[in-house]
Number of protein chains: 2
Amino acid sequence: MGKASIRDVANLAGVSIATVSQVLNGKGERFSDATKQKVFAARDEVGYVPNASARSLKRGTTTMIGVLVPSLRNPYFGDIVQRMQEGLPDNVSLSIMTAETATADQTVETLVAAGVQGIVVASQLSNPPAVARSLKRRGIAMVVLENHDELEDADAVYSSDTQGGRKAAEHLIALGHKHVVLLGNQVYTDNLLYRTASFKEAMAEAGVKVSEVATRNLTKHAGRAAAMAVSVTHATAAFALNDELAIGLISGLNAIGIKVPTEMSVIGYDDTDYAEFFRPALTTIEQPVWDIAKSALDLVLQRIAQPDGERQVAAFDANLIVRESTAPFA
Amino acid sequence: MGKASIRDVANLAGVSIATVSQVLNGKGERFSDATKQKVFAARDEVGYVPNASARSLKRGTTTMIGVLVPSLRNPYFGDIVQRMQEGLPDNVSLSIMTAETATADQTVETLVAAGVQGIVVASQLSNPPAVARSLKRRGIAMVVLENHDELEDADAVYSSDTQGGRKAAEHLIALGHKHVVLLGNQVYTDNLLYRTASFKEAMAEAGVKVSEVATRNLTKHAGRAAAMAVSVTHATAAFALNDELAIGLISGLNAIGIKVPTEMSVIGYDDTDYAEFFRPALTTIEQPVWDIAKSALDLVLQRIAQPDGERQVAAFDANLIVRESTAPFA
DNA sequence: ACTAACAATTGAAACGTTTAAACCTAAATA
DNA sequence: TATTTAGGTTTAAACGTTTCAATTGTTAGT
């Protein structure tokens, strides 16, 4: 009834547990075929599956990688996680957790306690360098999905938010807008900080006025709720900090009778799947999800294999995708 | 350098490892305050975190629950997972994996090997009753997110697809449509089987013609690709097996100049967040995600605590949400 | 026949915890 | 004074593996 252990297999096969272990782990070059057969047969008969705890206790290593994202409700992160999952080597598995800023540090500890070998962090930590240092000291690999210069103790992969913010700005400038709103969270994460800073900087250079409208978070609902606040600024274009927000904003704008893009242009960020399908199709800044996910996975795996290599950083371009939600200022 | 063990804490504090263990696990009623302080201080100094493998090996129990969903790219599942995550008791964690039909069985084994205590399965298994039996024999709790009558060895939670399919049909019938298309996957899962069967049954009763258009999968892209095939049927309404498909279909229809809902009505399934924000806002069948996620979590936890109780089933209603993507047959 | 080499298998220690039981000391009771 | 009680702490076994060194047969070489 209780799960079968290696001992049950050994007894049934009439061999020692050492034999069972070696045969089942493919170290069985030296064992006779007869023995191997007996072991496999016994394994199948009792339905033996190695106890993961015991194995990783002995081996001193799990084969789990933790992934920490803010929310799986945002398809951007769903996509990242999905892609990492798909690219996973056979013997390793992902432990996915979600945590907003407030609980991110604590969730990292949960992951560590669960025995992960490495962590990919997309959530905003309270103090990334400190967490990175602590993890490194404990021999756990960490790669962050952000551009943080002071992060000496963690590998990083990101697409340039500085570039993305600027491209969004330049697009709006090129369309002739003179007053835009920056729609975003008030609890800035580092990525968003770069994104907004570069946007504002570019706008300042061009002499375009930017009004800021804060939101509670970066969801569609928050975007919709902000529509009125955006409209009273009398700006002619808006930069939403992500696509979710943009979609919500457009929906809200629509509800109060403001047409996008004729009366107001909206540009998003991320280029999630939905951007293309939404109507008006979203003009947005593309983050190369596929590359980000793949690099993050590669980097963390590599760091686990070789803890003391040089710090690695993979930076990708953020690209403007022009669709229907932006138009020239008439 | 290597991670600190309980022994390091004990040495530094000048006590035995038993003391450390007991104090740190709150069994320390009998220990003097002085000792407790020393232990805590030592723990903090060396940065000790209990080794999860060793702990669960000894305790004979992990605190991990596996979740198996088809894809995190579909916000329906993202939402379910997110909600389970949010409702999680403090000491337990979720191990989320994705697997389409082909690999679902194997992924269950991966989860088992990782030491989960229970599994919530939303993916389609090759042979659910067999998997359920096998898991039960090994003392692992399982709850399936589907309505499967022969599943004696697993708890289940679902919203009635039979009801949902019928409600979708009735809505279209009430609007006066005489020829509709059923847009869906050719690899039917059990849930979808009920969904389509009841839809077709209701349509047959009402004497409405239904044309079937198969898709490769249930994604937005598949929906868009099917637009032409749908249009050539000359049906006046379509039932898409989920919202993703519906969104894709509408987008595709639009691209070939067919207006929704004036020229064709489209109804989806799931009522994901996007249904409400999409334009035209999606008429769809709501699945009570919150209830489903919560019940699934409760049930699996309960089953872990008490493996030999009566089989539990939680069934919810599926509700029609009328928005803008359906209109009377003109 | 005697050793050497080899093939096949096993004994036993170790991984880091938890926990029941045992132990020690000092104070309380008889 | 002898004995119990209680408080405070430790000993040691166990959990299920993996793995190195040791052991047993066998066969080959001289």
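Proteins get letters first, then strands, A, B, ... in listed order; numbering begins at 1 in each.
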Roughly, in whole Å, what's the span from [atom1] in [X] to [atom2] in [N]?
X       : N      : atom1 : atom2 : result
A:Gln22 : C:dT10 : CD    : P     : 10 Å
A:Leu57 : D:dA14 : CG    : P     : 17 Å
A:Ile6  : D:dT19 : CD1   : P     : 11 Å
A:Lys58 : C:dG16 : NZ    : P     : 9 Å
B:Asp8  : C:dT17 : CG    : P     : 9 Å
B:Leu24 : C:dG16 : CG    : C1'   : 14 Å
B:Arg7  : C:dT18 : CZ    : P     : 12 Å
A:Ile17 : C:dA14 : CD1   : P     : 15 Å

Looking at [X], I'd like to know whether one of its side-chain N or O atoms comes within less than 4.0 Å of OP1 or OP2 on [N].
X       : N      : value
A:Lys27 : D:dT18 : no
B:Thr19 : D:dT10 : yes
A:Arg59 : C:dC15 : no

Go through [options] for me and flag the one nearest to the [X] side chain.
X       : options                : answer
A:Phe31 : D:dG7, C:dT10, D:dT17  : C:dT10
B:Arg30 : D:dT9, D:dT17, D:dT18  : D:dT9
A:Asn25 : D:dG16, D:dT18, C:dT18 : D:dT18
B:Ser5  : C:dG16, D:dT9, C:dT19  : C:dG16
B:Ser32 : C:dT17, D:dT9, C:dT18  : D:dT9
A:Tyr48 : D:dT9, C:dT18, D:dT17  : D:dT17

Would you indicate what [X] reaches in the nucleic acid, counting non-hydrogen atoms under 4.0 angstrom: base, sugar-phosphate, or nothing?
X       : answer
B:Ser53 : nothing
B:Ser16 : base
B:Thr35 : sugar-phosphate

- [ ] Report the residue from B:Asp298, B:Ile65, B:Leu297, B:Val300 that forms a side-chain contact (heavy atoms from CB on, under 4.5 Å) with B:Val143.
- [x] B:Val300
Open item on the list: Pick the closest DNA chain D nucleotide for B:Gly14 and for A:Val49 by heavy atoms, then say which residue is nearer the 5' end.
Closed with: B:Gly14
TODO: Under the side chain to side chain contact (heavy atoms under 4.5 Å, CB included) rule, what do A:Val157 and A:Val144 come out as? Steps first, then yes or no, please.
DONE: CA-CA 6 Å; A:Val157 11; A:Val144 298; over 6 Å; no
Would [X] and [Y] count as having a side-chain donor-acceptor pair, cut-off 3.5 Å?
X        : Y        : answer
A:Gln124 : A:Thr101 : no
A:Thr189 : A:Asn191 : no
B:Gln306 : B:Gln302 : no

TODO: Evaluate the salt bridge (Lys or Arg N to Asp or Glu O under 4.0 Å) criterion for residues A:Glu86 and B:Arg73: first the C-alpha distance (whole Å), next the side-chain angles of each, then the deciding distance (0.1 Å), finally the verdict.
DONE: CA-CA 12 Å; A:Glu86 287 164 3; B:Arg73 236 169 247 138; 3.6 Å; yes
